[in-house]
Asks: 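Structure in structure tokens, see below.
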Amino acid sequence: MHNIAEPMIDQMTLAQRLGDLQQQRADNWAVTGSHSRPNLHSILRYPAMMVPSMQGDIIELLVDHVATPCRIVDTFVGSGTILTESLLRGLDFTGCDINPLAVLVCEAKIVIDAGANLDLAATVLLSALSSDVGSSVDVGFAGLAKWFTPATSQELSRIRRSILQVEDQGARKVFWTVFAETIRLCSNSRTSTYKLHARRDDSLVASNHVQPIFRENLANTLARAGHYQRLIQGRNAQPSAKVHCADVRSVGFANDDGKHTIVVTSPPYGDNQTTIPYGQFSYLALCWIPEDDLPLELGGFISNTHALDSASLGGSLRGAVDRADRIRGVSPSLDALLDRPEGHPIVKDLRKVASFMADFFDAMCHIRDHLPGRAHWAFTTGNRRAAGRPIPFDSICREMLCYLGARPVTSLRRTLPNKRMPSKNNMGEMITTENTVVVEFA
Ligand SMILES: C[S@@+](CC[C@H](N)C(=O)[O-])C[C@H]1O[C@@H](n2cnc3c(N)ncnc32)[C@H](O)[C@@H]1O
């Protein structure tokens, strides 16, 4: 792991130390591609994953700076970049995400961290798969025939039945993750976009490629799990890890072990529909994985492709303007963005921004209420454009946290080579930098 200790470190402020870290590590943080996501980091290609080395460096420095036992909380955990970086360092972890697929991936990572023997379970799976010549299709959902050919559905059903032969529930979570990645690669939806969007006929995946793709993904995941388990061999104690599948505004994050809390997260940058449709991205996999093996009863989440995105922050426009007006004075940057002559409505395209910001502030209030006392928070944010204007989410985020009593420490900047945020009209808006806002609650 990167050695961030320097002589005379005690006399440096946290802001100085983070600034030095940025200078020393900027080149490393800018690296992208598969080798920047080692071990468990890319067992599923979830959208908007954070850069592991950068977040790991920040966690390590904050823990070192606090100099008392710490635990890490990620309130928008996604596929668990922070989870992995925390567990690698032996740190207790609590996470939350509304998306059952994201939480399933996190649970798979926790199972691997706890030492699961996947090789034996994989043998059971592969032997069941080799002998399955059944031709039934075991799922039915809106859009099945559009997103999968009958032959592909038969192949996926064979894999699904074979995974169900594995009795070890933990190993099954890992295999469902491999299955989800296979669905992403083999459905008739493009892999170049997170929205469901039909592929051109010449790029459809032939059904006889489905099993080889699954087998290759499985072998890759087993190798990554083995690598990870070797990495944690020297760890002193087994850290605790729990990930809630729920709306962040309903989760209690409090701990009673007296450990210092460091919140490290990357929230959504706006409502899912106009930024990243995490729900739509997950829809097909959630329809294929048996509900009993998912971390949440899906309820209405798969009733249509938008349901999960509508339930996420900023997903509903109901009362958006009133809700945004009620938080006037919290963030000067947000006030300036939504400013309009007395009695005038908010510009139509900014209503979604207003709704998101009101929900986001609710979430911040909830998290702070449940994590009172001294704490450090590091929020990685991106500034997009909406309604033709820049949305200074980093400043809004910092100002909201300061309103809740935080002291700003610093903001770390990372340049992104090519991160696209799809907008409603499919005109990609480039996000070119990411800012990690670090604050301290006394
Ligand atoms: C930027 S992504 C996190 C990605 C993660 N850092 C990673 O490396 O994979 C933001 C996450 O916020 C989640 N989210 C959106 N609204 C939420 C809510 N109300 N409660 C909990 N999670 C929510 C989304 O499902 C998404 O996974």
Side-chain angles (χ1 to χ4, degrees), residues 34 37-50 52 72 74 76-88 92-126 129 156 159-160 162-185 213-232 238-246 278 281-282 284-296 298:
S34 56
R37 302 196 176 284
N39 59 76
L40 300 188
H41 281 299
S42 53
I43 57 173
L44 181 95
R45 289 278 303 272
Y46 195 70
M49 290 188 290
M50 298 159 107
I72 309 297
D74 185 345
F76 302 97
V77 67
S79 60
T81 305
I82 302 299
L83 164 76
T84 304
E85 289 301 305
S86 304
L87 296 183
L88 275 171
D92 290 350
F93 181 87
T94 309
C96 164
D97 204 287
I98 197 169
N99 184 336
L101 183 64
V103 176
L104 177 73
V105 179
C106 290
E107 289 181 348
K109 291 179 171 183
I110 292 171
V111 164
I112 295 170
D113 182 82
N117 181 351
L118 298 176
D119 292 335
L120 192 63
T123 312
V124 173
L125 189 174
L126 289 173
L129 186 56
L156 289 173
I159 298 172
R160 186 178 185 272
S162 306
I163 296 175
L164 284 169
Q165 294 299 308
V166 174
E167 281 178 12
D168 177 344
Q169 298 287 325
R172 247 153 74 168
K173 289 182 197 292
V174 179
F175 299 151
W176 291 131
T177 300
V178 178
F179 187 54
E181 181 65 3
T182 307
I183 289 167
R184 186 182 79 81
L185 294 170
I213 288 173
F214 175 76
R215 286 168 193 273
E216 190 184 329
N217 281 336
L218 179 63
N220 180 31
T221 297
L222 294 179
R224 283 173 174 273
H227 175 213
Y228 178 89
Q229 288 176 337
R230 285 192 295 281
L231 279 178
I232 57 169
Q238 179 69 34
S240 72
K242 166 79 191 148
V243 177
H244 302 271
C245 190
Y278 300 95
F281 166 85
S282 310
L284 296 177
L286 290 176
C287 289
W288 270 97
I289 299 170
E291 191 159 348
D292 285 352
D293 280 14
L294 285 169
L296 179 79
L298 286 173

Asks: What is the distance from atom CD1 of I159 to atom CG of L126, rounded to the nearest 0.5 Å?
Replies: 10.0 Å
Asks: Might you point out which heavy atoms bring G78 and C106 nearest each other, and give the distance in Å?
Replies: O-SG, 3.3 Å
Asks: Would you list the pairs meeting salt bridge (charged side-chain N to carboxylate O under 4.0 Å, His left out) in which at least one residue belongs to residues 115-126, sequence neighbours left out?
Replies: none
Asks: Going by side-chain contact (heavy atoms from CB on, under 4.5 Å), name the residues that satisfy it together with Q169, two or more places apart in sequence or in a different chain.
Replies: R172, D293
Asks: Where do C245 and I98 come nearest, in terms of heavy atoms and distance?
Replies: SG-O, 4.1 Å
Asks: Kindly state each residue pair satisfying salt bridge (charged side-chain N to carboxylate O under 4.0 Å, His left out) with at least one member in residues 76-88, sequence neighbours excluded.
Replies: E85-R89
Asks: Side chains of D168 and V124: does their closest heavy-atom pair fall under 4.5 Å?
Replies: no
Asks: Residues two or more places apart in sequence or in another chain: which of them pass side-chain contact (heavy atoms from CB on, under 4.5 Å) with A102?
Replies: Y46, D97, N99
Asks: Decide yes or no for Y278 and L101: does some side-chain heavy atom of the first lie under 4.5 Å from some side-chain heavy atom of the second?
Replies: no
Asks: Grab the two heavy atoms, one from A246 and one from C96, that are nearest each other, plus how far apart they are.
Replies: O-SG, 3.4 Å
Asks: Taking the side chain as everything from C-beta on, heavy atoms only, tell me whether L83 gets closer than 4.5 Å to I110.
Replies: yes
Asks: Could you check whether any side-chain heavy atom of D113 comes within less than 4.5 Å of a side-chain heavy atom of Q238, counting everything from C-beta outward?
Replies: yes
Asks: Holding to side-chain contact (heavy atoms from CB on, under 4.5 Å), I want the full list of residues that pass it with A219, two or more places apart in sequence or in another chain.
Replies: none
Asks: Can you confirm whether R184 is buried at CZ, in the sense that more than 12 heavy atoms of other residues, nucleotides or ligands lie under 6.0 Å from that atom?
Replies: yes
Asks: Tell me which one of I163, L164, L118, L120 satisfies side chain to side chain contact (heavy atoms under 4.5 Å, CB included) with L125.
Replies: I163
Asks: Closest approach of L44 and A180, non-hydrogen atoms and distance?
Replies: CD1-CB, 3.8 Å
Asks: Looking only at atom types and distance, does a side-chain atom of E181 sit under 3.5 Å from a main-chain N or O of I43, one as donor and one as acceptor?
Replies: no
Asks: Search all heavy atoms of L87 against all heavy atoms of S240 and return the closest pair with its distance.
Replies: CD2-O, 4.3 Å
Asks: Identify, with sequence neighbours excluded, every residue that meets side-chain contact (heavy atoms from CB on, under 4.5 Å) alongside T84.
Replies: N39, L40, H41, L88, K109, Y228
Asks: Within the structure provided, determine whether T221 and V174 are in side-chain contact (heavy-atom separation under 4.5 Å).
Replies: yes
Asks: To the closest 0.5 Å, what do you measure between OG1 (T177) and CD1 (I112)?
Replies: 7.5 Å
Asks: Please tell me if the side chains of K173 and L104 come closer than 4.5 Å, counting only heavy atoms from C-beta onward.
Replies: yes
Asks: On a heavy-atom basis, which atom in E107 and which in V243 lie closest, and how many Å separate them?
Replies: OE2-O, 4.4 Å
Asks: Could you check whether any side-chain N or O of Q165 sits under 3.5 Å from a backbone N or O of L129, counting only pairs where one atom can act as donor and the other as acceptor?
Replies: no
Asks: Would you say that P290 contacts R160 through its side chain, given a criterion of any heavy-atom pair below 4.5 Å between the two side chains?
Replies: yes
Asks: In Å and rounded to the nearest 0.5 Å, what is the CZ to CD1 distance from F179 to I183?
Replies: 4.0 Å
